[in-house]
Number of protein chains: 2
Amino acid sequence: MLEIITIKDVKVKIGERCKALRKSNGLSRDELAEALDVSSTTIQNIENGKNATLDNILKVANHFGLLQSITKEIDKVIIDQNNISLY
Amino acid sequence: MLEIITIKDVKVKIGERCKALRKSNGLSRDELAEALDVSSTTIQNIENGKNATLDNILKVANHFGLLQSITKEIDKVIIDQNNISLY
DNA sequence: TAAATTTAACCATTATATTGGTAAATATGT
DNA sequence: ACATATTTACCAATATAATGGTTAAATTTA
């Protein structure tokens with residue numbers, strides 16, 4: 001089963017995750033936007049999978065304490081690359 | 001040992017990884033830039049941890065076949081969030 | 001039901017990432 | 001040593017993300 005994942009797919013997935021994190025923390029878009037010092041339109045764009053800056057994506061991640069995890073996962077992605085399966 | 005990781009740290013790390021991937025594939029910045037249809041300045045900025053768009057970061061990841069891994073890691077980050085340790 | 005909140009979609013302006021170019025400094029190879 | 005390739009750093013122009021605002025739709029709450 002070959003899953004073709006596109007860049008758009010990843011952006012949409014990141015947006016969904018940001019939205020889920022915001023909801024599970026009981027925040028409105030305005031509240032999160034204010035906490036991150038960005039506009040709520042930017043939050044909206046991120047959540048809808050529009051193109052965004054790495055900085056703002058990481059601001060969201062940081063607000064929910066995910067920077068540490070992300071750092072670890074970046075390292076793991078490299079390891080995965082070295083152990084890639086051809087089948 | 002409390003490690004305080006900043007947004008800048010993550011951007012620098014991502015840049016280092018992009019550079020390592022490019023090098024290990026024997027590409028110059030110009031070659032990678034042309035392959036991704038972006039300018040070599042953009043590659044330079046990414047590698048130096050400057051702010052960039054999610055789209056261009058994912059273009060690099062996609063070129064080296066990392067989209068699949070990234071997708072999985074996004075899911076994992078959420079799981080990590082739920083199992084977060086307080087100590 | 002109505003009222004309040006949140007989300008969505010649009011717009012003009014601002015801020016900034018990207019582009020394409022140049023030139024200088026480093027590194028690599030002959 | 002030289003020549004080549006790569007990297008780095010700058011710049012003005014362009015493209016686009018971000019902003020702040022409004023309005024409408026959708027959802028939630030009373």
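Labels below follow one simple rule: chain letters A, B, ... track the order of the sequence lines, proteins then strands, and each chain is numbered from 1.
Between A:E34 atom CD and D:dT19 atom P there is a gap of 13 Å when expressed in whole angstrom units. One atom, CG of B:N25, and another, P of D:dT6, lie 15 Å apart when rounded to the nearest Å. In this structure, A:L36 places its CG atom 13 Å from P of D:dG20, rounding to the nearest Å. To the nearest angstrom, P of D:dT19 lies 12 Å from CG of A:L32. Atom pair A:D30:CG and C:dT7:C1' shows a separation of 10 Å (rounding to whole Å applied). Rounded to an integer number of Å, the gap from B:L27 CG to D:dA5 C1' is 14 Å. Between the CD1 atom of A:I43 and the C1' atom of D:dA17 there is a distance of 13 Å, given to the nearest Å. The distance between atom NZ of B:K11 and atom P of C:dT16, rounded to the nearest whole Å, is 12 Å.
Of the candidate nucleotides D:dA18, C:dT7, D:dT7, D:dT7 has the atom nearest to the side chain of B:S28. In this structure, the nucleotide among C:dA9, C:dG21, D:dA18 sitting nearest to the side chain of A:Q44 is C:dA9. Among the nucleotides C:dT7, D:dT7, C:dT19, the one closest to the side chain of A:K23 is C:dT7. Comparing atom distances between the A:T42 side chain and each of C:dA8, D:dT7, D:dT19 picks out D:dT19 as nearest.
A heavy-atom distance below 4.0 Å to DNA chain D is reached by these residues of residues 47-58 of chain A, ordered by number: A:N51, A:A52, A:T53, A:N56.
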N/O-N/O pairs, protein side and nucleotides 23-30 of chain C side, under 3.5 Å:
none

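Residues B:R29 and B:K19 come closest through the heavy atom pair NH2-NZ, 4.2 Å. Shown here for A:L67 and B:I7, the closest heavy-atom pair between the two residues is CD2-N, 3.7 Å.
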- Worked verdict on B:R17 versus A:D75 for side chain to side chain contact (heavy atoms under 4.5 Å, CB included): CA-CA 8 Å; B:R17 293 314 187 180; A:D75 294 334; 3.0 Å; yes

- Report the C-alpha separation of B:T71 and A:D9 in whole Å, then their side-chain angles, then the decisive distance to 0.1 Å, and conclude whether the side chain to side chain contact (heavy atoms under 4.5 Å, CB included) test is met. CA-CA 9 Å; B:T71 301; A:D9 290 339; over 6 Å; no

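Atoms OG1 and NZ, from A:T6 and A:K8 in turn, are 8.5 Å apart once rounded to the nearest 0.5 Å. Here the straight-line distance linking atom CD1 of B:I74 with atom CG of A:L66 works out to 11.5 Å at 0.5 Å rounding. Rounding to the nearest 0.5 Å places CD1 of B:I46 at 7.0 Å from OG1 of B:T53. The NZ atom of B:K59 sits 12.0 Å away from atom CG of B:L54, with the distance rounded to the nearest 0.5 Å. Put simply, NZ on B:K11 and CD on B:E16 are 14.0 Å apart, with the number rounded to the nearest 0.5 Å.
With A:H63 as the fixed residue, the side chain to side chain contact (heavy atoms under 4.5 Å, CB included) test singles out one of A:L21, A:N25, A:L27: A:L27.
Under a 4.0 Å N-O distance rule, the pair B:R22/B:E47 qualifies as a salt bridge.
Each end of the helix from C:dT1-D:dA30 to C:dT30-D:dA1 gets its own axis, taken as the rotation carrying the C1' atoms of four end pairs onto the next four within a five-pair window, and the two axes meet at 60° to the nearest 10 degrees.
Counting only distance, with no hydrogens or angles, the side chain of B:D55 and the backbone of A:N51 share no donor-acceptor pair below 3.5 Å.
Contact between the side-chain N/O atoms of B:R29 and the OP1/OP2 oxygens of D:dT8 is found at a separation under 4.0 Å. OP1 or OP2 of C:dT7 lies within a sub-4.0 Å distance of a side-chain N or O belonging to A:R22.
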- Task: Determine, for nucleotides 22-30 of chain D in 5'-to-3' order, which nucleotides have protein heavy atoms under 4.0 Å from the base (write B), from only the sugar-phosphate (write S), or from neither (write -).
- Result: ---------

Going by atom type alone, with no hydrogens or angles, which donor-acceptor pairs under 3.5 Å involve a side-chain atom of residues 32-40 of chain A and a protein atom two or more places apart or on another chain?
residue, atom, partner, partner atom, Å
A:S39, OG, A:T42, N, 3.2
A:S39, OG, A:T42, OG1, 3.1
A:S40, OG, A:D30, OD1, 3.4

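The hydrophobic cluster of A:V12 has no other members, since no ILVMFWY side-chain heavy atom comes under 4.5 Å of it.
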